[in-house]
Amino acid sequence: MTWRRFTGAAAVGLVAASGVLAAQPVTPVASFRVRSENIDWFGSAPGGSYSFVGAIARLGLEQQRARFGWRIELAAPVLLGLPANAATPAPSGLLGQGANYSRANGNGTHSASVFLKQAYLRLRTGDQRWQARAGRFEFMEGAELTPANATLAAVKRTRIAQRLIGPFGFTHVGRSFDGAELQFTRNKTNVTLMAGLPTAGVFTTDGWGHVGPGEGEVGLGYGALTAPGPWGGDRGEFRLFAIYYRDSRATVKADNRPLAARQADLASIGVGTVGAHYLQILPTASGPIDLLGWGAYQFGNWGRLDHRAVAGTVELGWQPKVATRVRPWLRVGYFRGGGDGDPSDGTHGTFFQILPTPRPYARFPFFNLMNLEDLSASLTLRPGSRTTVRTDIRRLRLANSADGWYLGGGAFAKDDFGFAVRPSTQFQNLATLADLSVDVRVGSRWTVGVYGARATAGRVIEAIYPTRPGSWYGYLEVEYRR
């Protein structure tokens, strides 16, 4: 049975189940987002400066009872005005997000589709400790448990969740997973197990099938234990997690080997990841301080190569008791995702970001967390309860000059590896990034967001784009959620 037929039958079954459970209300779920994006990519290629419009509408039904629930949701992405000439020969490659959308949709300038975004059943025990869901659903690693402390919850949502597995919701299509999830929660401690196959999507508007040419070409398993920290009760949290990822597609991998060597290695990828995070809030007389630590170690095989890699980050935040009308929040952090120092030694040492949502960690997504050092400072202002203003400054360097500059957010189509690499030319300085965002809630359902960023190129990018090596990115976004 094909996936389209299976999901169609599942949808009919869920609707029939809703009739049996008509005593409980069936609730509509709806959202709509439209974003006008403007990109002036590095270099002076004629196709590197452009604007386009992307939108996604999501509409569905759900019914939630104490022990049983279901949800069916369709998505309709629309892309208008994509650049027709923003794909250039290597090493300059695709010139920004619009070029990714265009290539993924047959090199067209417009694309639209309708597909099944979510269709799942959820079961719970009477005490709510156990719950399971199966079908098609969105999943964010690191977001299994929401802390009661608002500051802790905000840090976790923006600086922990989706770092390695996420729905890539910033794109106009996103990704879901076909699989199953099991959770056990007791005394603020949660255990989560999940196994799934990522759906197609992200940049391609056809989100019906899976990433591979056959069923199950790319898949993963995830397990995590999340619990309160030993100090301060609700003011601390730790998580231990493990992920196994397998990719059996015969696609050319993105790494620092010569192209001929990569083309000759079409063996499968099997990568295991183990890691942890810790969050802590420290109340002080001058305002709360938050601490974050996250780290991961990877092992397994990268085609014919052994795979060994590490990544880690530390961050410090402070909400000083000054200018209380705008409630400032200062943050500094350092991240390092390992790079490969020798392409000929039989071991792949580049940290692999798996299937993340890159945007929380790369607000101007011309980079990801692979072979990267990121030294950052940010300031968030919250005037009132409806407006958030944030500005970041980031100093971006490659972790290893023998490796490359990586872009992308994971597998999304049968013939696209999902990550791209460009040469370092033995340099490390990638770019300095400064940005500003303003998000305003209008009423209870609408949000308006504006974002602007300027990237000043370092030696790595200058070597690829020697003329006009700076880049701009900005957008205006309107979103509705019911």
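With sequence neighbours left out, F238 forms a ring-ring contact (aromatic ring centres under 6.0 Å, His included) with no residue at all. Residues forming a side chain to side chain contact (heavy atoms under 4.5 Å, CB included) with R103 (at least two apart in sequence, or on another chain): L94, N107, D416. In this structure, the ring-ring contact (aromatic ring centres under 6.0 Å, His included) partners of F366, at least two apart in sequence or on a different chain, are F42, F364. With sequence neighbours left out, D340 forms a salt bridge (Lys or Arg N to Asp or Glu O under 4.0 Å) with no residue at all. In this structure, Y101 has no side chain to side chain donor-acceptor pair (under 3.5 Å) partners at least two apart in sequence or on a different chain. Partners of F335 by ring-ring contact (aromatic ring centres under 6.0 Å, His included), not counting sequence neighbours: none found.
Residue pairs meeting the ring pair (Phe, Tyr, Trp, His ring centres under 6.0 Å) criterion with at least one member in residues 315-334: none, sequence neighbours excluded. Residue pairs meeting the salt bridge (charged side-chain N to carboxylate O under 4.0 Å, His left out) criterion with at least one member in residues 47-59, sequence neighbours excluded, are R58-E73, R58-E138. For residues 314-325, the pairs satisfying salt bridge (charged side-chain N to carboxylate O under 4.0 Å, His left out) are R159-E315, E315-R331, with sequence neighbours left out. Within the structure, side chain to side chain donor-acceptor pair (under 3.5 Å) contacts touching residues 438-451 (residues at least two apart or in different chains) are D435-Y451. Evaluation of the ring pair (Phe, Tyr, Trp, His ring centres under 6.0 Å) test over residues 370-389, restricted to residues two or more places apart or in two chains, returns none.
Put simply, the side chain of P228 reaches to within 4.5 Å of the side chain of T189, judged on heavy atoms. When side chains are defined from C-beta on, V173 does not count as touching I56, because their heavy atoms never get closer than 4.5 Å. Residues N371 and W405 fail the side-chain proximity criterion, which asks for heavy atoms closer than 4.5 Å. With contacts defined as side-chain heavy-atom distances shorter than 4.5 Å, the pair T432/R395 qualifies. Between Y406 and D255 there is a side-chain heavy-atom pair separated by less than 4.5 Å. Side-chain contact check for N190 versus Q183: some heavy-atom pair is nearer than 4.5 Å. At least one side-chain heavy atom of Q353 sits less than 4.5 Å from a side-chain heavy atom of L164. Residues T192 and L182 form no side-chain contact, since every pair of their non-hydrogen atoms from C-beta on lies 4.5 Å or further apart.
A donor-acceptor contact closer than 3.5 angstrom links the side chains of Q280 and Y278. Using a 3.5 Å distance cut-off with no hydrogens or angles, the side chains of R363 and S437 do pair a donor with an acceptor. E144 and Y222 are linked by a side-chain donor-acceptor pair at a separation below 3.5 angstrom, with hydrogens and angles left out of the test. In this structure, a donor-acceptor pair under 3.5 Å is present between the side chains of T273 and Q298. Residues T151 and D290 have side chains that never bring a donor and an acceptor to within less than 3.5 angstrom of each other.
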What verdict does the side chain to side chain contact (heavy atoms under 4.5 Å, CB included) test give for R422 and Y465, after you've listed the backbone C-alpha separation in whole Å, the side-chain angles of each residue and the deciding distance to 0.1 Å? CA-CA 11 Å; R422 295 176 186 175; Y465 304 99; 2.7 Å; yes
Go through the steps to decide whether E373 and L375 satisfy the test side chain to side chain contact (heavy atoms under 4.5 Å, CB included), and finish with yes or no. CA-CA 7 Å; E373 291 184 353; L375 181 63; over 6 Å; no
The test is side chain to side chain contact (heavy atoms under 4.5 Å, CB included); show your working for Q118 and E62 and say whether it passes. CA-CA 10 Å; Q118 298 193 92; E62 70 174 4; over 6 Å; no
Taking it one step at a time, do K156 and L145 satisfy side chain to side chain contact (heavy atoms under 4.5 Å, CB included)? CA-CA 10 Å; K156 185 175 180 179; L145 204 60; 4.0 Å; yes
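R33 has no carboxylate O lying under 4.0 Å from a charged side-chain N of E479, or vice versa, which leaves the two without a salt bridge. Electrostatic pairing of E237 and R239 does not count as a salt bridge here, judged by no charged N lying under 4.0 Å from a carboxylate O. Taking 4.0 Å as the cut-off between side-chain N and carboxylate O, K253 and D247 do not count as a salt-bridged pair.
For R459 against F427, the heavy-atom pair with the smallest separation is NH2-CZ, 3.2 Å. Contact record, P320 with P328: CD-O, 3.5 Å, taken as the closest heavy-atom pair. For the residue pair S102 and P83, the shortest heavy atom distance occurs at OG-O, 3.4 Å. Taking all atoms of both residues into account, the shortest heavy-atom contact from L279 to L152 is CB-CD1, 3.5 Å. Shortest non-hydrogen contact noted between R249 and A413 is NH1-O, 2.7 Å. Nearest heavy atom pair, residue A311 against residue G337, reads CB-CA, 3.9 Å.
Each of Q162, E141, R175 was checked for a side chain to side chain donor-acceptor pair (under 3.5 Å) with T357, and the lone residue meeting it is Q162.
In this structure, F203 has its ring center closer than 6.0 angstrom to the ring center of F412.
Around CD1 of I393, the count of heavy atoms belonging to other residues, nucleotides or ligands within 6.0 Å does not exceed 12.
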Show me the donor-acceptor pairs within less than 3.5 Å that the side chains of residues 376-385 make with the rest of the protein, sequence neighbours left out.
unit_1 : atom_1 : unit_2 : atom_2 : d
S376   : OG     : R394   : NH1    : 3.4
R382   : NE     : R327   : O      : 3.1
R382   : NH1    : Q319   : OE1    : 3.4
R382   : NH2    : Q319   : OE1    : 3.0
R382   : NH2    : R327   : O      : 2.9

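Relative orientation of the W294 and F241 rings is parallel, given thresholds of 30° and 60° on the angle between their planes.
With rounding to the nearest 0.5 Å, the separation of CD1 in I289 from CD1 in I281 is 10.0 Å.
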